[in-house]
Protein chains: 2
Amino acid sequence: MSTRTAAQRRAEAGSAYDAYLAECPARQLLDRIADKWVSLAVNALADGPQRYSDLHRRLASVSQKMLTQTLRHLERDGLVSRTVTPAVPVRVDYELTALGRSLLPVMCAIKGWAEEHMDEVHAARTAYDAPS
Amino acid sequence: MSTRTAAQRRAEAGSAYDAYLAECPARQLLDRIADKWVSLAVNALADGPQRYSDLHRRLASVSQKMLTQTLRHLERDGLVSRTVTPAVPVRVDYELTALGRSLLPVMCAIKGWAEEHMDEVHAARTAYDAPS
DNA sequence: CGGTATCCGTGACGATACTG
DNA sequence: CAGTATCGTCACGGATACCG
């Protein structure tokens, strides 16, 4: 039992993981969700199930590769479900799971903060970059 | 006045920026704050002003280069203030500004979510990776 | 102490072409 | 339509050394 890490012992004690530690699994999860593509994708899925092509059109700034990769990661992590409807042509829908919806308020808040405080940040940058 | 971008006109109309568009400045800001280093740094500064060495010790998983770079970005964006106290040796303190504190609840929520839902995500991954 | 400067490998990311 | 595969690039980020 002495081989347990600090994070493991902390978890068993009822306390949470500590994302500051590189070895902590919560840290890896944080790396995963604190990601620009994830924040955009989850936000886009807020309105309900969406087809791949709809998502791709909405997130015009995301390449096909990154969108697919992000959706795969989210699916693996249990945040989105992927439903394939066999037809010609094939139809694939993505939808947030219950777990995914629990993350939605946070992702929405981040996107909202960025859009809301854009002007203040821009002003701060201008001041910072101001020549001597 | 006809040279304004769609984002600028939207802002003046009272509506927010649209972070889905690559050209939108809010998108760049989102890219900046939806970052693992930023989320860790802002969270670490939640308790009040901290010295560089304290931060570095706390965020053991962050290299000196990334920590400095992240703090510089946050300073430029007006989220963090940097105070140098001339002495031997030099002392540098970092502190969240009012703008930075407005972001704190969101960053805290992200880190909290990661630590809280770690087990569920881990279970989802195991299920996803389960061989045929 | 609190950085900066430099090197350098890895992998993120976009563009393109192809498939079921 | 919804991908997968492959390639090339370039910036992220770690390691190391040096500076005020």
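Please read these numbers as outputs of a predicted model, since none were measured by experiment. The sequence lines fix the lettering, A, B, ..., with proteins before strands; numbering per chain opens at 1.
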Between A:Arg57 and B:Met66, which has a closest nucleotide on DNA chain D that is more 5'?
A:Arg57
Whole angstroms only, please: what is the CZ-C1' distance between B:Arg91 and D:dG20?
19 Å
Separation of atom NE2 in A:His73 from atom P in C:dA12, rounded to whole Å:
8 Å
Phosphate OP1/OP2 of D:dA2: any A:Arg51 side-chain N/O under 4.0 Å:
yes
Ignoring backbone atoms, establish whether B:Trp37 has a side-chain N or O less than 4.0 Å from OP1 or OP2 of D:dG13.
yes
Taking atom C1' of C:dG3 as reference, at what distance in whole Å does atom CG of B:Asp54 sit?
16 Å
Donor-acceptor check, side chain of A:Asp77 to backbone of A:Leu79, threshold 3.5 angstrom: yes or no?
no
Quick one: does any side-chain atom of B:Ser61 pair with a main-chain N or O of A:Tyr20 as donor and acceptor, under 3.5 Å?
yes
Quick check on the helix from C:dC1-D:dG20 to C:dG20-D:dC1: what's the angle between its two end axes, five base pairs per end, to the nearest 10°?
50°
Show the distances under 3.5 angstrom between N or O atoms of the protein and N or O atoms of nucleotides 3-10 of chain D.
{"unit_1": "D:dG3", "atom_1": "OP1", "unit_2": "A:Arg72", "atom_2": "NH2", "d": "3.3"}
{"unit_1": "D:dG3", "atom_1": "OP1", "unit_2": "A:Arg82", "atom_2": "NE", "d": "3.2"}
{"unit_1": "D:dG3", "atom_1": "OP1", "unit_2": "A:Arg82", "atom_2": "NH2", "d": "2.6"}
{"unit_1": "D:dG3", "atom_1": "OP1", "unit_2": "A:Tyr94", "atom_2": "OH", "d": "3.4"}
{"unit_1": "D:dG3", "atom_1": "OP2", "unit_2": "A:Tyr94", "atom_2": "OH", "d": "2.7"}
{"unit_1": "D:dG3", "atom_1": "O3'", "unit_2": "A:Arg72", "atom_2": "NH2", "d": "3.4"}
{"unit_1": "D:dG3", "atom_1": "N7", "unit_2": "A:Gln64", "atom_2": "NE2", "d": "2.2"}
{"unit_1": "D:dT4", "atom_1": "OP1", "unit_2": "A:Arg72", "atom_2": "NH2", "d": "3.1"}
{"unit_1": "D:dT4", "atom_1": "O4", "unit_2": "A:Gln64", "atom_2": "OE1", "d": "3.4"}

Could B:Lys111 and B:Glu115 be called an ion pair, given the rule that one side-chain N must be under 4.0 Å from one carboxylate O?
yes
Measure CG/A:Leu67 against P/C:dC13 and give the value in whole Å, please.
13 Å
Can a side chain N or O of B:Ser53 be found less than 4.0 Å away from OP1 or OP2 on C:dG2?
yes
Exam field: side chain A:Arg101 to backbone A:Leu96, donor-acceptor pair closer than 3.5 Å
yes
Strictly distance-based, threshold 3.5 Å: is any side-chain N or O of A:Gln50 a donor or acceptor partner for the main-chain N or O of A:Ala44?
yes
Rounded to whole Å, NZ of B:Lys36 lies from C1' of D:dG14 at a distance of 12 Å
Can you check the B:His56 NE2 to C:dT4 C1' distance for me, whole Å?
14 Å
Is there a side-chain contact between A:Tyr52 and A:Val90 in this structure, where contact means two heavy atoms from C-beta onward sitting under 4.5 Å apart?
no
B:Gln50 has an atom CD; how far is it from atom C1' of C:dC1, in whole Å?
16 Å
Whole-Å distance separating the CD atom of B:Gln69 from the P atom of C:dG2:
19 Å
Between B:Asp54 and B:Arg58, is there a salt bridge with N-O shorter than 4.0 Å?
no
Flag side-chain contact, heavy atom, 4.5 Å: B:Arg72 against A:Tyr128
yes
Just wondering, more than 12 heavy atoms not from A:His122 lying within 6.0 Å of its NE2?
no
